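Take a look at the structure set out below.
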Amino acid sequence: MTAMIEIDGLDVTFRVKGHEVQAVKGARFTVGEGESYGLVGESGSGKSTILRAICGLAPVTGGTIRIEGRPLGPRRDKAFASKVQMVFQDPYASLHPRHTLDRILSEPLAIHGIGEHDRRVVAALESVGLPASFRFRYPHQLSGGQRQRVAIARALMLEPEILLLDEPTSALDASVQAEVLNLLWDLREERGLTYLMVSHDLAVVDHMCDRMAVMEAGRIVETLERPDLLAGRFRHPYTRKLFEASLAAGG
Amino acid sequence: MSGPFLTPLGRLSAWLTDPNPSSRLQARLGQAWLTWLRFSRNPLAMIGLGIILALVLMALFAPLLAPHDPLEQDLTRRLLPPLTPGHWLGTDEFGRDILSRIVHGSRITLTIVALVAVTAPVFGLLVGTVSGYFGGWVDAVLMRLTDIFLAFPRLILALALVAALGPGIENAILAIALTAWPPYARVARAETLTVRSADYIAAIRLAGASHGRIILGHVTPMCLPSVIIRVTLDMAGVILTAAGLGFLGLGAQPPLPEWGLMISSGRKFLFDQWWVATMPGLAIFIVSLGFNLLGDGLRDVLDPRSTSR
């Protein structure tokens, strides 16, 4: 298995009004090709910041990020865009409120000079289970689950190999959550995608991921494989706390 | 829904409110139609719109509507009071018909308003979005520049500019446009700061979009409603500034029937022949009121914070 994403000693430091806040401290993990890797932790533990750092949306202050073995510089170019895409947590905030779905989905194509907008946009809608008749709707005419499907379709427009999923279901109703997770699962099977998924919900990660890292206060405290999780074989007390919390929540 | 039972108008309405539009044009028109439906429910805003439409029609058909030549002098019929047959709003000190002068003056007013409305907000929008989007030293330089313009009272700055450029209607428009843009830059920057860190901007950046594409295609549409509202509400101020410049002899020059100039020339007779100054004053008042009512109505329907997400 070749490594798609290698994170090596990653530090992310935000500077807020003279204070330095170290959101990620020396994170280190590797995601193989076609693998689904989970980052778990409570809010503020730095897991989403790692995704944002990969996309160039958070200030990297130390360590390296390698995609397919090549280290990333400070800027993300179009080649990066066609290799790595991200699905954001809140589908109410990640779609432009004044653009139709058609524009949202065809704009990545326009940026990369890819033709056949009509065919590709309709195909993209259908691949995430939305009817082609939705094409000229605005986001406010869709439900939360439908919006997240659009966000997934947009991330797939450039046919990337890696999808970064930032709590893709936490803003959705429980019943819709399962549908979106199944869609993500199917898309990975079909296209051989590599997933790096962030969640605070162990049940979601257990459903989706083969391996996972547990984060607390910016540090990775433990890495687990799925059998370890199922058998309850954790070494770190924080992992146990998370596990018990997710059991209590309904799983 | 659709069928032989619908009138053509009903079919148009069904087409506009179709939940599944079949083209971008239909989607956009449908949204515009919904906005219009909300706008038309506000009676005061409709009055404002009516006043502005009346102004536009008056300017378009001024030669047909005006009973007399606005420049034709007749000293035997000078300073006639209102309701004189043939001169319903009276005549001024040269015997010119005031109604005709007001009707023709609407062309000047509208020209000023239109030219200011297409220049100042565009410039302000550009400065504000660029400033807010890039931040850092770009923001610092552009905003300090804006502050310098904002530090002077608008009329004083316009006066200084006209005094330097020379009196005249073109220079008055230029001066007003040059002094009107800073508030738009401020509004656009504030709006840009709220959307800059939104996920949909991050998403398009992640797709590899250039800064120009993001600013024009993604940031500007979010700033536009606030700026349009601001422009409409400012138009009353623009008319007053233009009239003020005319009044001080720095804007339109005699014998042009500019409203501010008309007030200025009527000032000498204010106590005995009140109508000479009052009639153009009323015209300014009504048009300013119209723009304000329209702006208030637009704010209610266009403000992104008041519409559902």
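Every chain is numbered from 1 and lettered A, B, ... according to where its sequence line falls, protein lines coming before strand lines. Because the structure is a prediction, the values reported are computed rather than measured.
Contact record, B:H218 with A:H96: O-NE2, 2.7 Å, taken as the closest heavy-atom pair. The two residues B:A207 and A:Q85 have their closest heavy-atom pair at CA-NE2, 4.0 Å. The minimum heavy-atom distance linking B:P19 with A:R137 is given by the pair O-NE, 2.9 Å. Taking each heavy atom of A:M86 and B:L206 in turn, the nearest pair found is CB-CD2, 3.4 Å.
Atom OG1 of A:T100 is separated from atom CD of B:Q31 by 10.0 Å, given to the nearest 0.5 angstrom. With rounding to the nearest 0.5 Å, the separation of CZ in A:R154 from OH in B:Y200 is 11.5 Å.
In this structure, chain B has a heavy atom under 4.5 Å from the side chain of A:L158, while its backbone stays farther away. Using a 4.5 Å cut-off between heavy atoms, B:S22 contacts chain A through its backbone alone, with no side-chain atom that close.
For CZ of B:F152, the number of neighbouring non-hydrogen atoms (other residues, nucleotides, ligands) closer than 6.0 Å is 12 at most. Other residues, nucleotides and ligands contribute over 12 non-hydrogen atoms within 6.0 Å of the CZ atom of B:R144.
Contact annotation for residues 101-119 of chain A against chain B (heavy-atom separation below 4.5 Å, listed by residue number): A:D102, A:R103, A:S106, A:E107, A:P108, A:A110, A:I111, A:H112. Close approach to chain B, defined as a heavy atom under 4.5 Å from one of its heavy atoms, is seen in A:R52, A:C55, A:L57 of residues 48-57 of chain A, taken by number.
Chosen from B:S210, B:S197, B:S23, the residue pairing most often with chain A at heavy-atom distances under 4.5 Å is B:S23.
Between the side chain of A:H99 and the backbone N or O of B:G217 there is at least one donor-acceptor pair closer than 3.5 Å.
A 4.5 Å side-chain heavy-atom check between B:N20 and A:F136 finds every atom pair outside the cut-off.
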